[in-house]
Student: 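Got a structure here, written out as structure tokens. Questions coming.
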Amino acid sequence: MLILIAALCILAVIAISSAIPPNDQANPSSRSAGSLGTLALYTWFSNLGLDVGRISGTFNLTGSDVVFCYDPTVALTNSDVNSLMTFVRSGGDLVLVVTPASLAAVAPLLGKLGVNPSTTAGTGVATVAQPFDSTDRVHSVPVGSGLTFSDQAPLVPMLVENHQVVARMVGAGTGGRAYVLGD
């Protein structure tokens, strides 16, 4: 009887530990609960009742309204870039977060969007350059060290920290937008 109870306890521990999301601190995936992971965002949107999904394998954006691309660890192919540009030009919204480590992976997409990364900035507090909060409650946003972007038209600066643009918006096509943030 004791052996049976011990075996059940071991099975319960294995089942619980395999159900807990991975806590890989360096993985930006929506499957990771680590500090770079976007699992909390994925779970929050899902709990709000929004239809969320992950792009795995084939880069297919059909049925998507908003695509989050956070710190890609794999270089975007020409096909991926073309799919994203078609998506944005067709009215979709893209939220692209770029770090110094992922800059090379997204360089072709940044080129198509006309976004030029500039220097890296330290931590600080960014102020709102263009109102984007309809309730006017957001006046400043804490930012970590990351990329900044050159300020050129027709790109719209959204957040500025120490005279450096840390987030910008690019309009394209029929209502589509790309929000580019230097993490």
Student: Any idea which heavy atoms bring F87 and L94 closest together, and the distance?
Tutor: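 Scanning both residues, the minimum pair turns out to be CE2-N, 4.3 Å.
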
Student: Does L109 share a hydrophobic cluster with F149, counting links as ILVMFWY side-chain heavy atoms below 4.5 Å and allowing steps through other members?
Tutor: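 They do share one cluster, since a chain of ILVMFWY contacts under 4.5 Å joins L109 to F149.
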
Student: Below 4.5 Å, heavy atoms only, C-beta onward: do V165 and M158 meet side chain to side chain?
Tutor: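 No; the side chains remain at least 4.5 Å from each other.
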
Student: Would you indicate whether the side-chain heavy atoms of L181 and L96 approach each other to under 4.5 Å?
Tutor: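 No, side chains not in contact.
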
Student: L110 and V74: same hydrophobic cluster, using ILVMFWY side-chain contacts below 4.5 Å?
Tutor: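 Different clusters: L110 never reaches V74 through Ile, Leu, Val, Met, Phe, Trp or Tyr contacts under 4.5 Å.
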
Student: Could you give the distance from NZ (K112) to CZ (R89), rounded to the nearest 0.5 Å?
Tutor: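 Nearest 0.5 Å value for the NZ-CZ distance: 7.0 Å.
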
Student: Looking at N78, I want to see if its CG is surrounded by more than 12 non-hydrogen atoms of other residues, nucleotides or ligands under 6.0 Å.
Tutor: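 No.
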
Student: In Å, rounded to the nearest 0.5 Å, how long is the span from OG1 of T86 to CG of L61?
Tutor: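 Going from OG1 on T86 over to CG on L61, the span is 9.0 Å.
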
Student: Nearest 0.5 Å, what's the CG-SG distance between L76 and C69?
Tutor: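 If we round to the nearest 0.5 Å, L76:CG and C69:SG are 5.5 Å apart.
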
Student: To the nearest 0.5 Å, how far apart are CG in L147 and CG in N116?
Tutor: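 L147 atom CG to N116 atom CG measures 12.0 Å (nearest 0.5 Å).
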
Student: Under 3.5 Å, is there a donor on one side chain and an acceptor on the other for T99 and S102?
Tutor: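 Yes, because at least one side-chain N or O of T99 sits under 3.5 Å from a partner of the opposite role on S102.
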
Student: Check whether any side-chain heavy atom of D93 sits under 4.5 Å from a side-chain heavy atom of V67, and report yes or no.
Tutor: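 Contact flag for D93/V67 side chains = no.
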
Student: Can you check side chain to side chain donor-acceptor pair (under 3.5 Å) on D80 and T77, steps first, answer last?
Tutor: CA-CA 5 Å; D80 297 343; T77 66; 3.2 Å; yes

Student: Quick check on the 6.0 Å ring-centre criterion: do F68 and F45 meet it?
Tutor: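 Under 6.0 Å, so yes.
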
Student: Could you tell me which non-hydrogen atom of P100 sits nearest to which non-hydrogen atom of G146, and how far apart they are?
Tutor: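 In this case the closest contact between P100 and G146 is CD-CA, 4.4 Å.
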
Student: Quick one: CG on L159 to OG1 on T148, what's the gap to the nearest 0.5 Å?
Tutor: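 Here the rounded value is 13.0 Å.
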
Student: So, for A105 and P72, which heavy atoms are closest and what is the spacing to 0.1 Å?
Tutor: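 Between these two residues, the closest heavy atoms are CB-O, 3.8 Å.
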
Student: Please report the closest heavy-atom contact between M85 and L113, naming both atoms and the distance.
Tutor: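 Result for this residue pair: SD-CD2, 3.7 Å.
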
Student: Does any part of the side chain of S140, heavy atoms only, come nearer than 4.5 Å to the side chain of V128, both counted from C-beta?
Tutor: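 No, side chains not in contact.
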
Student: Quick check: is V160 connected to V141 through a chain of hydrophobic side chains (ILVMFWY, heavy atoms under 4.5 Å apart)?
Tutor: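 Each belongs to a different hydrophobic cluster.
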
